[in-house]
Structures are given as C-alpha cells and as structure tokens.
Amino acid sequence: MATEKTLVLIKPDSVQRGLAGRIISRFEEKGFQLCGVKLIHMDSSRAARLYEPHLGKPFYDPLVKYMTSGPIVALCLSGHNAIEQVRTLMGATNPSQAAPGSIRGDFAQRVDYNCVHGSDSAESAQRELPIFFEPGEIVDYEANYTKWV
Ligand code: IDP
Ligand code: MG
C-alpha cells in the first residue's frame with residue numbers, strides 16, 4: 001500500500017455548524033497527517049473547476065451554489081491508502097446510506113448537503129489538490145522534518 005495524498009473539503013454547512021474541528025479529528029485519529037489546511041470562500045470559477053466532471057448533471061448548479069455559499073476548509077491529508085480510506089471514513093455520498101460512525105452517517109442528513117468532499121481516485125486527487133494548494137504549500141514531513149512522534 002502506498003502513501004498517498006488526498007483532498008478533503010469540509011463543506012460550508014459543516015463549517016457554519018462548528019464541525020470543522022471534529023471532522024479534522026476523525027482523520028487525525030485514524031492517523032492521517034495534515035499536510036495542508038486552508039479556510040477559503042470559493043468563487044464560482046474555482047467550484048466549476050472542482051466539479052467539472054459533474055457539469056451537465058441535474059445537481060450541478062445547486063452544488064456550485066452550495067459550495068460557494070460560505071467558507072470551506074480545504075485539507076490535504078497524507079497516509080497509507082489515504083484516498084480510499086478517507087472515502088471510507090466519510091461514508092456513502094447519500095447520508096441515508098452512510099454507516100453510523102462515518103462522518104456523513106453521523107453529521108449529515110441530505111445527499112445535497114453531505115458535510116465533506118474527498119477525492120475519489122488517484123487521478124482525482126492529482127487533479128483536485130492543485131485547485132486548492134500550490135506545491136510549496138503542501139508539507140512533506142518525511143523529507144523536511146525531524147520525526148517527533
Ligand atoms: P461524492 O462527494 O461522494 O464523491 P459525487 O457523486 O462526486 O459524490 O457528487 C458530488 C457532490 O454532488 C456530492 O457530494 C453531493 O454534494 C452532490 N450530489 C451528488 N449526488 C447528488 C444528488 O443525487 N442530488 C443532489 N446532490 C448530489
Ligand atoms: Mg466525487
């Protein structure tokens with residue numbers, strides 16, 4: 001299993017509800033490392049870049065409106081098999097089907113306001129991370145830092 005980096009977004013409703021810290025804790029408790037953290041209010045061009053694969057779907061316009069409605073927290077997380085494991089911690093896209101104990105299972109009710117985004121493949125992570133982080137903004141612990149823990 002490879003060490004991977006993935007993108008997580010804590011969506012506007014979750015930030016507004018004060019859930020950002022608890023959601024970040026879920027990932028930290030699992031052992032994923034925070035390599036990048038940003039609070040940003042996306043404009044529609046950034047949201048369009050992120051959701052380009054969904055262009056034309058019925059939920060596209062409401063999704064862009066929702067995701068640009070207020071600040072989000074963008075995370076770059078690193079760890080073993082991070083892309084798949086982060087998706088497992090998030091739970092199913094539709095919170096009605098998300099297992100209790102998952103982030104969406106515990107914190108969300110609706111498919112359209114489902115708390116978090118996570119890259120769904122290595123290709124998606126590679127495409128999505130640069131939408132939020134410059135290469136120099138992503139921390140490389142192994143290369144640059146003494147290991148304390
Ligand atoms: P994902 O976030 O689990 O990867 P995607 O299928 O990539 O799910 O959809 C992107 C986002 O679009 C979802 O997280 C959700 O906010 C929204 N979405 C997906 N399917 C629906 C739907 O059927 N109705 C309304 N919104 C949806
Ligand atoms: Mg997706």
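Atoms within a ligand are numbered from 1 in the order they appear, just like the ligands themselves.
- Residue Glu137 places its CD atom among more than 12 non-hydrogen atoms of other residues, nucleotides or ligands, all under 6.0 Å distant.
- Other residues, nucleotides and ligands contribute at most 12 non-hydrogen atoms within 6.0 Å of the CZ atom of Arg22.
- Checked against the 6.0 Å centroid criterion, the rings of Tyr51 and Tyr60 do not qualify as a close aromatic pair.
- Within 6.0 Å of atom NZ in Lys30, 12 or fewer heavy atoms from other residues, nucleotides or ligands are found, so the atom counts as exposed in its surroundings.
- The cluster map of Ile, Leu, Val, Met, Phe, Trp and Tyr, joined by side-chain heavy atoms under 4.5 Å apart, puts Leu34 and Ile10 in the same cluster.
- Within 4.0 Å of ligand 1, protein heavy atoms belong to Lys11, His54, Phe59, Leu63, Arg87, Thr93, Arg104, Val111, Asp112, Asn114, listed by chain and number.
- Remark: Lys65 pairs with no residue by the side chain to side chain contact (heavy atoms under 4.5 Å, CB included) rule, at least two apart or across chains.
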